[in-house]
Amino acid sequence: MMVATREVTYDVDGLSMIGYLAQPNGPGPWPAVLIGHDGVGLEEYQRQRADDLAAHGYLALAMEYHGGEVFFDRPDAMLSRIMPLLADVERLRSIGRAAFDVLLAQPGVDPDRIAALGYGAGGKIVLELARAGVPFKAIAVVHSAFPDNKVEEWSNFAGTFLLCTGSEDPICTPEQILTFGRALQEAGIDWRAEIYGGAEHAFWAQPRKSDGSLAEGTAHSMTTVPGVSYDPKATMHAWRAVLDLFGETF
């Protein structure tokens, strides 16, 4: 399927955000997916996910929440931006809602067929949107940060969840996945989990050289938070699981 892409600029949280929109050619209506990047920033991987989703017949918006900044090789600066956001639910929801409104405003979007995909902090943003009542039909989160496990706050959600992480992820552990999943289960929600053996945090992020270009192998030469390494098999399995979830849903 032919795909059209463009940048989309919008203002929220005192910053001008530069999102990335990918859509199939044609009038639609198309099911749509809101994508939240991880703490490093909106980089090529999430743009490729949007492109791939568009090639599968979805209109996809990769939101942005650093005002165009990408924190390669600067984990301390990244954490200085991310940690206050994660601690402020209303800011997260405001950032997510602004991107969601941009997605809904696109010609060709089917407002009754919306899904979300989030990585790391971007996972928590889409989860907070769902907790606030955004009617996603499906949510996939990969090594996500999680909101409170209050069963009653999920009782009105009618979509399906996919929760993914690596068995060796020290930031989003399998135990956290199962704890959150049990809360969803008690709320009567359809959920599933995938744990990738041997994979660490951000297992989809390919190593890069100091100039930002991709490097060979699995070890990162740039400075990262602890417990990060590239795992191509886990990357492939997670993406297939996301496509399967959205395919089943729509």
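All figures in this text were calculated on a predicted structure; none of them were measured in a lab.
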Minimum heavy-atom distance [X]-[Y], with the two atoms named:
{"X": "Ser167", "Y": "Gly198", "result": "OG-N, 2.7 Å"}
{"X": "Gly39", "Y": "Phe71", "result": "O-CD1, 3.9 Å"}
{"X": "Met63", "Y": "Ala99", "result": "CB-CB, 3.5 Å"}
{"X": "Gly96", "Y": "Leu34", "result": "O-CD2, 4.3 Å"}
{"X": "Ile195", "Y": "Pro174", "result": "CG2-CG, 3.9 Å"}
{"X": "Leu86", "Y": "Ala145", "result": "CD2-CB, 4.2 Å"}

Cluster overlap [X] with [Y], hydrophobic side-chain contacts below 4.5 Å:
{"X": "Tyr196", "Y": "Leu178", "answer": "no"}
{"X": "Leu245", "Y": "Leu129", "answer": "no"}
{"X": "Val109", "Y": "Leu117", "answer": "no"}
{"X": "Ile35", "Y": "Val134", "answer": "no"}
{"X": "Leu21", "Y": "Met17", "answer": "yes"}

Is it the case that the side chain of [X] and the backbone of [Y] share a donor-acceptor pair, with hydrogens and angles ignored and the cut-off at 3.5 Å?
{"X": "Thr235", "Y": "Asp231", "answer": "yes"}
{"X": "Glu64", "Y": "Gly67", "answer": "yes"}
{"X": "Thr165", "Y": "Cys172", "answer": "yes"}
{"X": "Arg74", "Y": "Val70", "answer": "yes"}
{"X": "Ser144", "Y": "Val141", "answer": "no"}
{"X": "Glu69", "Y": "His66", "answer": "no"}

Rounded to the nearest 0.5 Å, what's the gap from [atom1] on [X] to [atom2] on [Y]? Could you check?
{"X": "Ile171", "Y": "Gln176", "atom1": "CD1", "atom2": "CD", "result": "9.5 Å"}
{"X": "Leu184", "Y": "Asp190", "atom1": "CG", "atom2": "CG", "result": "10.0 Å"}
{"X": "Arg91", "Y": "Ile125", "atom1": "CZ", "atom2": "CD1", "result": "10.0 Å"}
{"X": "Arg131", "Y": "Glu153", "atom1": "CZ", "atom2": "CD", "result": "4.5 Å"}
{"X": "Leu127", "Y": "Arg93", "atom1": "CG", "atom2": "CZ", "result": "11.0 Å"}
{"X": "Glu186", "Y": "Lys150", "atom1": "CD", "atom2": "NZ", "result": "14.5 Å"}

Next item on the list: Give a yes/no verdict on a cation-pi contact between Arg49 and Tyr45, requiring under 6.0 Å between NZ or CZ and the six-membered ring centre and an angle within 45° of the axis.
Entry: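 Judged by the rule, Arg49 and Tyr45 form a cation-pi pair.
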Any side-chain heavy atom of [X] within less than 4.5 Å of one from [Y]?
{"X": "Tyr10", "Y": "Ile18", "answer": "no"}
{"X": "Phe146", "Y": "Lys124", "answer": "no"}
{"X": "Leu53", "Y": "His56", "answer": "no"}
{"X": "Trp154", "Y": "Pro147", "answer": "yes"}
{"X": "Arg47", "Y": "Leu42", "answer": "yes"}
{"X": "Asp110", "Y": "Leu59", "answer": "no"}
{"X": "Thr160", "Y": "Trp191", "answer": "no"}
{"X": "Leu85", "Y": "Ile95", "answer": "yes"}

Item checked: Ring center gap for Phe203 and Tyr230 short of 6.0 angstrom ->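 No, ring centres 6.0 Å or more apart.
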Next item on the list: Would you please indicate if the ring centroids of His37 and Tyr65 are separated by under 6.0 Å?
Entry: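 Yes, ring centres under 6.0 Å apart.
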Next item on the list: May I have the step-by-step check of side-chain contact (heavy atoms from CB on, under 4.5 Å) for Leu61 and Phe100, ending in yes or no?
Entry: CA-CA 9 Å; Leu61 174 66; Phe100 182 70; over 6 Å; no
Next item on the list: Might you confirm whether atom CD of Glu7 has over 12 heavy atoms from other residues, nucleotides or ligands at distances under 6.0 Å?
Entry: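 Result for CD/Glu7: open.
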Check: Does Met83 CE have over 12 foreign heavy atoms under 6.0 Å away?
Finding: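 No, because the 6.0 Å sphere around CE of Met83 holds 12 heavy atoms or fewer from other groups.
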Next item on the list: For Asn25 and Val3, run side-chain contact (heavy atoms from CB on, under 4.5 Å): C-alpha distance rounded to whole Å, both residues' side-chain angles, the deciding distance at 0.1 Å, then the answer.
Entry: CA-CA 6 Å; Asn25 282 329; Val3 173; over 6 Å; no
For [X] and [Y], does a side-chain donor sit closer than 3.5 Å to a side-chain acceptor?
{"X": "Tyr20", "Y": "Asp51", "value": "yes"}
{"X": "Gln23", "Y": "Trp30", "value": "no"}
{"X": "Asp169", "Y": "His201", "value": "yes"}
{"X": "Asp52", "Y": "Trp239", "value": "yes"}

Item checked: Val8 vs Leu103, side-chain contact (heavy atoms from CB on, under 4.5 Å): CA-CA, chis, key distance, verdict -> CA-CA 10 Å; Val8 180; Leu103 176 62; over 6 Å; no
Note to self: Does the plane of the ring in Phe180 sit parallel, tilted or perpendicular to the ring in Phe161? Use 30° and 60° as the thresholds.
What the structure shows: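 Rings of Phe180 and Phe161: perpendicular, over 60°.
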Notebook entry, point to check: Do Glu43 and Phe72 pass the side-chain contact (heavy atoms from CB on, under 4.5 Å) test, and can you show the C-alpha distance, the side-chain angles, and the key distance before you say yes or no?
Noted result: CA-CA 10 Å; Glu43 56 164 305; Phe72 286 134; 3.6 Å; yes
Next item on the list: In sequence, state the C-alpha distance, the side-chain angles, and the governing distance for Arg192 and Glu248, and then conclude on salt bridge (Lys or Arg N to Asp or Glu O under 4.0 Å).
Entry: CA-CA 13 Å; Arg192 66 195 71 170; Glu248 291 173 15; 3.2 Å; yes
Item checked: salt bridge (Lys or Arg N to Asp or Glu O under 4.0 Å) evaluation trace for Asp76 with Arg81 -> CA-CA 9 Å; Asp76 290 341; Arg81 166 69 180 165; over 6 Å; no
